[in-house]
Structure formats: structure tokens, C-alpha cells
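In what follows, a structure is listed as C-alpha cells, so that the remarks can point back to it.
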Amino acid sequence: RLRGIQAAASAANYLTSVSFHEGSPADESAQLALLRGRIDGLILTPVGKPADVRMQLADLDVPVVLMSEQLDGVEADFAGDDDTEGGRLAAEHLLAGGCRSLVYFGCSESSWADRSIAAGILLLALRPAGSGGAEPLRLHPDNSHYFLFRGHPTIIVTSGEHYGAV
């Protein structure tokens, strides 16, 4: 990613600067504060709370591209994975392979990527009966954190991170 960013910026006669927030919302906030008035655009892999990042990005008043993680309520372009399709494909693969017990174990309900992965799993679960393939998943009637598959409680586990996806 960094080489692509640098190549595009250099071709347009812009200098690139790279700063790492080490996955810390406090460090991210400090880095963003230091950029005020010094940059013409920002590419950010966010870790902070959407409300905090939204305020800081508004103060910067520059075009922003978010990478890897979208933030609710933050107006910015996005470049990243299709986590919804990834969730659907992961569940479909496991079910077609005969798995009877699956779990989705994500980072946080507030994570855009986690919600997108769960949405992809639900796309598989909610497809019409008789559409071929494995029996669809259904939400467990007593606990919406679980699914039912072949009459048994089922959990789906996937993993993803900012520096790639599994």
C-alpha cells in the first residue's frame, strides 16, 4: 500500500509523509492534531472512536481516504476489503465442507468490518430455501448472537485485521 501511495503522490509532485499511530487511539489523536495546517490530504487507517476521529478530521479540513476500516458518521472515501462478501464466502465454504458448529468471533460490535462480516454471514443465512448448496443458517430464536444450522446452535468464527485479511 505504501509504495502505491508514494508513487501516486510523487507523480503529482507531492511529498508523502508516513506516521504510525501504533494502534492507539490516543496516539492517533495526537498525530492528527500535529497535522493541522500542514497537509493537503490524508490517508488514514483509523483506530479511534468515530465521534473523536470525525471531530479531528473536520478540524483538518482536507480530503480523507479511510483504509481498512470505515467509520460510521465520518464522511470520507474508502479503500479496503469487501468484508460482507468475505463473511458470506467464509460461511459458505465451511458449511459446504460439512461443518456443523461454527462461530463468528469478531473484535467489537462497533467495528464496521465486524458488522460487515456478520452481514455477509446473514446473506447466506437468509437466502431462499431450495436455492441449492448447504442448508441456510438461521438466527437462533433465543439468542441472536448464535445461529441454527441443521437444528443445532451454531457459531461462525472469522478473523481480519488492518494489515490484511484472512
Side-chain angles (χ1 to χ4, degrees), residues 1-97 99 102-127 133 137 145 147 155-166:
R1 293 182 199 176
L2 294 176
R3 286 188 179 124
I5 293 167
Q6 175 137 353
S10 294
N13 293 318
Y14 276 87
L15 173 67
T16 56
S17 176
V18 177
S19 179
F20 294 95
H21 53 57
E22 303 300 332
S24 159
D27 192 42
E28 176 184 65
S29 179
Q31 295 286 330
L32 289 173
L34 290 171
L35 295 174
R36 190 175 303 126
R38 297 178 178 184
I39 60 172
D40 294 322
L42 176 66
I43 300 169
L44 175 66
T45 302
V47 294
K49 293 180 181 177
D52 297 338
V53 175
R54 183 175 48 247
M55 287 189 310
Q56 287 200 287
L57 294 179
D59 287 345
L60 287 176
D61 193 30
V62 298
V64 176
V65 175
L66 297 176
M67 292 191 74
S68 299
E69 184 76 14
Q70 291 189 39
L71 295 175
D72 292 331
V74 174
E75 292 294 323
D77 291 318
F78 174 72
D81 301 324
D82 185 342
D83 291 313
T84 302
E85 180 66 0
R88 187 193 68 75
L89 288 171
E92 183 175 66
H93 173 76
L94 293 170
L95 294 173
C99 289
L102 308 169
V103 65
Y104 171 64
F105 184 69
C107 295
S108 166
E109 289 180 6
S110 66
S111 164
W112 178 86
D114 282 345
R115 288 194 317 272
S116 296
I117 291 166
I121 294 165
L122 285 174
L123 284 174
L124 178 66
L126 300 176
R127 72 172 184 235
L137 292 165
H145 294 282
F147 298 98
I155 302 170
I156 297 176
V157 177
T158 66
S159 176
E161 45 133 336
H162 288 296
Y163 303 107
V166 176

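- Atom CG in Asp77 sits 10.0 Å away from atom CD in Gln70 (nearest 0.5 Å).
- Closest of all the heavy-atom pairs between Ile121 and Ala91 is CG1-CB, 4.2 Å.
- Put simply, the residue from Asp81, Asp82, Thr84 that forms a side chain to side chain contact (heavy atoms under 4.5 Å, CB included) with Ser116 is Thr84.
- Sequence neighbours left out, not one pair with a member in residues 23-70 passes ring-ring contact (aromatic ring centres under 6.0 Å, His included).
- Closest non-hydrogen pair, Pro25 versus Gly48, comes out as CB-CA, 3.9 Å.
- A heavy-atom distance below 4.5 Å is not found between the side chains of Asp27 and Val47.
- Glu85 CD to Arg88 CZ: the interatomic distance, rounded to the nearest 0.5 Å, is 4.0 Å.
- Put simply, the side chain of Gln56 gets close to the backbone of Ser29: a donor and an acceptor are under 3.5 Å apart.
- Counting heavy atoms from C-beta on, the side chains of Val64 and Val74 never come closer than 4.5 Å.
- Rounded to the nearest 0.5 angstrom, Arg54 CZ and Leu71 CG are separated by 9.0 Å.
- Inter-residue side-chain proximity for Glu28 and Asp52 is flagged as unmet; no heavy-atom pair is nearer than 4.5 Å.
- Here ring-ring contact (aromatic ring centres under 6.0 Å, His included) pairs that include residues 26-45, with residues two or more places apart or in two chains, number zero.
- Rounding to the nearest 0.5 Å places CD of Gln6 at 8.0 Å from CG of Leu15.
- Atom OH of Tyr14 sits in a sparse spot, with 12 or fewer heavy atoms from other residues, nucleotides or ligands closer than 6.0 Å.
- How far CD1 of Ile39 is from CG of Asp61: 10.5 Å, rounded to the nearest 0.5 Å.
- Annotation for Leu60 and Leu32: closest pair CD2-O, 3.6 Å, computed over non-hydrogen atoms.
- Between Glu69 atom CD and Asp83 atom CG the span is 8.0 Å, to the nearest 0.5 Å.
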